[in-house]
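Notes follow the structure.
Here is the naming used below: chain letters follow the sequence lines, and residue numbers restart at 1 for every chain.
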Amino acid sequence: MICSICSDKAEGYHFGAISCAACGAFFRRSVSDQKVYSCSNRQCNIAHDPTKRGGSCRFCRFLKCVSSGMMPQDVKAKRTASTQQNVTSLYRNMNQSSILLIDQIIVFRRNIAAERQMFDSISRSTNRTNLIISLHQEFEMLRRVALGCPFFIQITEHFSIPYLGTDSKIMNDPLSDLLTLLFVFEACYLTGVKGGVQLDRLFLPNMLHVDLSEVLFTEFLECDVHASMDPYRSILNAFSYLVQMVSRSFQSANFDEPILSILLYKCLTETVPINYRHRFAEVNRDSLLTDLNRVDSTAFQHTQNIASQIHQGARAYKEAISSIW
DNA sequence: CTTCAAGGCCAT
DNA sequence: ATGGCCTTGAAG
């Protein structure tokens with residue numbers, strides 16, 4: 001067997017890909033230390049070369065690891081090993097309605113994933129025009145799926161109908177705040193899961209991505225004509241914040257689906273304007289969170305921290321995006 | 001029991 | 001920072 005990253009002799013699977021121990025160790029360090037790499041040409045040769053030590057480009061090596069099938073989620077999966085155990089004991093500690101709610105959220109996220117129009121280019125960066133088009137598509141889809149989903153209807157029932165605006169107003173109604181939050185949530189989750197944290201790259205849910213290394217991001221900002229630089233400063237800040245803070249937290253917390261669902265529910269219900277909040281939703285949320293705290297207080301702490309980061313990130317993102325919407 | 005793969009350690 | 005070597009835990 002040969003290593004699918006550096007073509008050296010492989011010794012078996014590491015984090016989901018056949019690789020040598022060295023590339024496995026490199027990948028593990030990259031993820032667990034949350035390194036950030038950058039490279040201007042992005043197609044360096046990664047072949048193993050015994051004559052030089054540590055010579056190859058880290059950005060490209062990591063990219064090769066990911067594209068060869070290594071999964072950041074698998075780092076720290078085994079030794080802590082609590083994931084599966086915690087999920088079962090989490091379910092044991094919950095009442096039936098909480099379990100049903102979590103299942104609904106899991107189905108909800110899967111429905112969204114199934115409905116989503118994927119851009120085929122996983123490895124090609126986007127430009128602003130593509131970004132705007134994909135945002136419109138994404139928000140239309142989120143709106144449609146969300147309003148067909150019972151738990152979403154429940155938490156929004158006090159305001160959803162009168163506020164169903166059209167595109168021009170989309171950033172100004174409470175529903176779009178929820179959709180923005182969904183979008184930011186999925187973007188940060190994916191960025192963590194796909195190793196975008198190391199690549200300084202924000203993955204959007206439909207697999208477009210935005211590079212944040214200085215040169216490439218400047219190109220992104222300048223690729224359309226009428227670019228007075230000012231409004232785009234906030235785009236850079238917002239995107240950087242999402243990658244550097246929220247995606248990182250997602251990656252290190254490494255939640256499984258039920259805990260992700262609890263986090264999402266917490267974020268969504270908190271995004272509903274305070275005088276429109278649904279009483280049952282509040283009760284449900286508190287119940288989910290106390291159950292989580294009882295079973296896994298570390299994960300509970302993470303949900304608290306990440307939730308507040310997501311709220312900040314969604315605010316920054318909304319501001320940045322509305323300037324180009 | 002054995003095997004596989006993850007994390008820790010540490011000389012380089 | 002790297003990668004070889006060792007220990008550890010889970011799965012078969």
Side-chain angles (χ1 to χ4, degrees), chain A residues 1-93 189-201 211-216 240 243-244 247-260 292 295-302 305-306:
Chain A
M1 287 193 294
I2 60 165
C3 172
S4 44
I5 290 95
C6 71
S7 308
D8 196 9
K9 188 166 162 47
E11 50 152 46
Y13 279 90
H14 289 282
F15 307 101
I18 292 173
S19 79
C20 63
C23 289
F26 166 79
F27 186 79
R28 169 163 51 81
R29 279 193 298 271
S30 300
V31 175
S32 65
D33 301 344
Q34 305 202 327
K35 297 287 169 53
V36 175
Y37 305 131
S38 65
C39 168
S40 46
N41 87 355
R42 316 196 143 207
Q43 34 201 358
C44 304
N45 185 16
I46 303 301
H48 174 71
D49 183 354
T51 59
K52 54 180 178 181
R53 223 180 131 76
S56 63
C57 165
R58 294 181 178 82
F59 182 97
C60 294
R61 191 183 189 183
F62 190 85
L63 192 61
K64 191 89 181 284
C65 287
V66 171
S67 60
S68 300
M70 285 193 179
M71 290 172 292
Q73 314 93 286
D74 287 2
V75 175
K76 289 198 168 162
K78 210 167 202 172
R79 288 295 275 261
T80 51
S82 50
T83 324
Q84 202 57 264
Q85 191 68 302
N86 278 346
V87 171
T88 50
S89 53
L90 179 60
Y91 277 120
R92 257 203 305 280
N93 276 278
Y189 169 72
L190 270 177
T191 300
V193 160
K194 301 226 164 269
V197 173
Q198 283 70 33
L199 302 174
D200 212 5
R201 166 181 289 185
D211 288 310
L212 297 175
S213 65
E214 321 76 70
V215 179
L216 291 150
S240 299
V243 169
Q244 287 165 22
S247 304
R248 251 175 218 232
S249 302
F250 260 111
Q251 187 170 65
S252 59
N254 198 7
F255 289 146
D256 37 38
E257 251 183 324
I259 300 181
L260 270 179
L292 177 60
V295 172
D296 186 342
S297 56
T298 313
F300 173 79
Q301 264 313 317
H302 280 141
N305 298 336
I306 296 181

*asked:* Check the phosphate of C:dG3 against A:R61, side-chain N and O only, distance under 4.0 Å to OP1 or OP2. Yes or no?
replied: yes
*Decide if atom CZ of A:F300 counts as having more than 12 heavy atoms of other residues, nucleotides or ligands within a radius under 6.0 Å.*
yes
_Strictly distance-based, threshold 3.5 Å: is any side-chain N or O of A:Q251 a donor or acceptor partner for the main-chain N or O of A:V197?_
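Flag not set: sc A:Q251 to bb A:V197 has no pair under 3.5 Å.
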_Would the distance check show the side chain of A:S4 and the main-chain N or O of A:I18 forming a donor-acceptor pair, the cut-off being under 3.5 Å?_
yes
Provide, to the nearest angstrom, the distance between the [atom1] atom belonging to [X] and the [atom2] atom belonging to [N].
X	N	atom1	atom2	answer
A:I5	C:dG3	CD1	P	12 Å
A:E11	C:dG3	CD	C1'	11 Å
A:Y13	B:dT3	OH	P	19 Å
A:H14	C:dG4	NE2	C1'	12 Å
A:N254	B:dA6	CG	C1'	13 Å

*Quick one: OG on A:S252 to CD on A:Q34, what's the gap to the nearest 0.5 Å?*
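Between A:S252 OG and A:Q34 CD, I get 5.0 Å after rounding to 0.5 Å.
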_Could you work out, with salt bridge (charged side-chain N to carboxylate O under 4.0 Å, His left out) as the rule, every residue matching A:R29, not counting sequence neighbours?_
none
_Interface residues of residues 18-42 of chain A with DNA chain B (non-hydrogen, below 4.0 angstrom)_ = A:R28
*Partner set under side-chain hydrogen bond (donor to acceptor under 3.5 Å, both in side chains) for A:Q244, not counting sequence neighbours*: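 Expected list: none.
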